Amino acid sequence: MKKYLSISLLISFLLSSENIIDGYAYDATGEGILDVEIYIKESSTGSVTDASGYFKISLPISERIILSVSHVGYVSKEINVNSLDSNTIIIYLDKKIMDMQQIVVTALGYESYIKDTPIITHVITSDEIQSSPYNLIEDIMEFAIPNVQKTYDSHGDKITIQGLDNKSIVFMVDGNKIAGEFAGNIDFSMIDVSDIERIEIIRSGMSTLYGSDSIGGIINIITKKNKKKFSMQASYSYDFPIVKTYSFNVGAKLYNFNYKLHLDCNESPGYDLTDFSKEILTLNENMYYKIKNSLFYSKNKFNINYTNKYYIKNINKIKHHRVYQDENGVLLEDDYYMLDLSTENPVYQDLMHALIMRYQFNNLSSLEIKSSKEVYQKSFYYPYYNNPYPYAQNSDGKTIFSALATRYDFSVLSNIAINNYFFHIGFEYVREIYQSSDIIGPDGDEVLEQSTLLDGNKRLTDEYSIFFTNKFQISENELVAGIRLMRNDLYPIRIIPSVSLRRQLGNYNLRLNYSQGYRIPSLKEMYYKKTDHIFPIYGNSKLSPSLSNYYAISFESRELANSYIEIYINNIADMIYTRYDADLEDSTKTALYYDNSNLVNLYGCNITMQEDFNKLGIDFIYSYTDGKADKKEFIEGISHHTFNIRMQYDIFSNTSVMLSAKYNSSKDVYTYDQSLERIVKIHLQSYYITDMLIAYKKSRFFIKLGLKNIFNYLDANRTNTDILTTTDPGRRIYFNLGVSI
């Protein structure tokens, strides 16, 4: 009897005991998935994965247990396990691929599905980038985004979005603002297209979230992340004769650490659209490269990300020099011309460090601390510094510092979910420093290049902000209301509000947006002074900040990618611009001054559509832009109509052909005539450019071959002005080859 009782007790004990098993949940690339819910079917017993995808769960001893596995962004599944099996369980989940609703964006400060954002967010994916014939970031944006236009002048490319240029747009890489140049210009060479995962664009006043300079919107570039234990990619592209690009990525994962190294090098021989003069090239010979390191550490729900980047660009200006005598001073019978390097050549360098620490409490609540420093330096290389020009071209030259822009950013950000309310709260501190000094010649007296500061050699400004947004539901409407309190040490405290409403109407979104934009003048715009320019340039320390009121209404498809109609109005007071007037120090000269305009009204509409028809995909973009102002110079350089279309046909499963065309209507720009006595209008003609590309991709290998500017369009103004509507050098071949491991 006792024997049977002991056996019964043993069986009861075994049946009631539990066994601990563990495992990992991975996506298709082998990346761990955070917050996967794993439960015993029809039971409340379960676990949730950490940031590495790891879970541990107690199972009752049984021959067969069904685990229910689910995550909001992945296809749910059920798996059978044996609780007596001690092996680690590996679970692979497939992403939910329904439509563009599943793309997650971060430009609003928190993760959100793109179709659920309160403001239209236009996304360019890595697939779109890889299937395009463009390897420059400005070309990709101009083609893929409504109302992005590029105009060339002698100072470089200028991007405008809905009538506002670089100075009113915040550019970010992985959420870190780019310091760029010194007056709001951006050195686009710092951004390598081969390393981009996606680009997020919001066209509206975004000062509530991003402070000053975002009066015209934001562009957030998300770089690729390593997702494997070991990975390597290499690519080569040649857009003849514009640029050759070499890029290389290597990544490695070990335990809780993830490392990525990115290298890219670009070189261009330059070219001249005029075909008759080497004294002013449309694009100067240049070379630039970048080294970027990223180290990511993750454990449970805590992670740290450290990134550093070094970038350098050298520009060689080639001159057509007339020679009257040889190097010994002996006169020649027939004078001749020779090509040689200019006496002064720009050198740009950028060094960036960023540290991000983040703790994820749950799917919706988190705390993040960010700190970054970026230093952008401009120098000049003088190849004949120690010897006379031009006979000592091969002698040792000298590179001398000219100007330095430094930016420090520190922020504390928190996302908090309480019942049906979602709060995004933050504190930000920004310090900007601008330094410049004279470049003195070898004799110790001659000034080769003037300092660009009005007085002294260093200026700085500090800015403090706190902001708050709240997303909540009222009936069938989702509202997001926000406010920023901003204090700059040069200007009074400013309160910046915004409010957005999104209402889902079946398979469509209706959005209404109001946001205020606020732009504080840059240090260069306030304290600039350069009297050795062709016409002297003066900053204005009494400039007022620009203030905008942006209104937009949009209607968007929830089923189709980037398919919507948007109408907007942007009223801007005290917009900062440059005006020409008599030089206060020499009345016989004309000078350029920074000043504030009166009210400027910009308005327009954007229409975009992306649709797939079996093997054929069509992208269509149309935008209309216009404005009113007291002076036309305030709203120069705007093409009223732009039209882009792309058709991609999949010939086979791994081969596609793409045909694209872009059209810009005519536009006017204003500048001084050669006498510098009066402003003249330059009319830039309308143009269209058509490209064709064949792409082949199989396994770890891809190749692209394209014919660009098929109809050989060249800017009609190229022979008599340095202001162009396009710098495209005409018909050419594009080639891109890549491999990954």
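Every heavy atom of this structure was used, including side-chain atoms; hydrogens, water molecules and symmetry mates were not. All values reported here derive from a predicted model rather than from experimental measurement.
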Exercise. Classify the angle between the aromatic ring planes of Tyr593 and Tyr538 as parallel (below 30°), tilted (30 to 60°) or perpendicular (above 60°).
Key: parallel

Quiz item: Would you call the rings of Phe240 and Tyr238 parallel, tilted or perpendicular if under 30° counts as parallel and over 60° as perpendicular?
Solution: perpendicular

Donor-acceptor side-chain pairing of [X] and [Y] below 3.5 angstrom:
| X | Y | answer |
| --- | --- | --- |
| Asn316 | Asn345 | no |
| Gln233 | Ser235 | no |
| Gln349 | Tyr310 | yes |
| Asn266 | Thr245 | yes |

Looking only at non-hydrogen atoms, find the nearest pair between [X] and [Y] and report the distance.
| X | Y | result |
| --- | --- | --- |
| Ile215 | Ser168 | CG2-CB, 3.0 Å |
| Asn220 | Asp174 | OD1-N, 3.8 Å |
| Asn249 | His262 | OD1-ND1, 2.6 Å |

Quiz item: Quick check: are there more than 12 heavy atoms from other residues, nucleotides or ligands sitting under 6.0 Å from NZ of Lys317?
Solution: no

Self-check item: Pairing of Asp195 and Lys260 as salt bridge, 4.0 angstrom limit
Solution: yes

Quiz item: Is the shortest side-chain N to carboxylate O distance from Glu449 to Lys378 below 4.0 Å?
Solution: no

Quiz item: Taking atom OH of Tyr382 and atom OG of Ser342, what is their separation to the nearest 0.5 Å?
Solution: 9.5 Å

Quiz item: Atom CG of Asp409 and atom CD of Glu374: how far apart are they, to the nearest 0.5 Å?
Solution: 9.0 Å

Quiz prompt | Worked verdict on Thr625 versus Thr642 for side-chain contact (heavy atoms from CB on, under 4.5 Å) | solution = CA-CA 9 Å; Thr625 311; Thr642 62; over 6 Å; no

Quiz item: Does the side chain of Tyr311 reach to within under 4.5 Å of the side chain of Asp192, using non-hydrogen atoms?
Solution: no

Exercise. Going by the side chain to side chain contact (heavy atoms under 4.5 Å, CB included) test, name the single residue among Ile439, Thr452, Leu448, Val347 that passes it with Ser402.
Key: Ile439

Exercise. State whether Tyr408 and Lys373 meet the cation-pi test: NZ (Lys) or CZ (Arg) under 6.0 Å from the six-membered ring centroid, and within 45° of the perpendicular axis.
Key: no

Quiz prompt | Stepwise salt bridge (Lys or Arg N to Asp or Glu O under 4.0 Å) test for Asp239 and Lys708 | solution = CA-CA 9 Å; Asp239 186 352; Lys708 302 182 71 171; 2.8 Å; yes

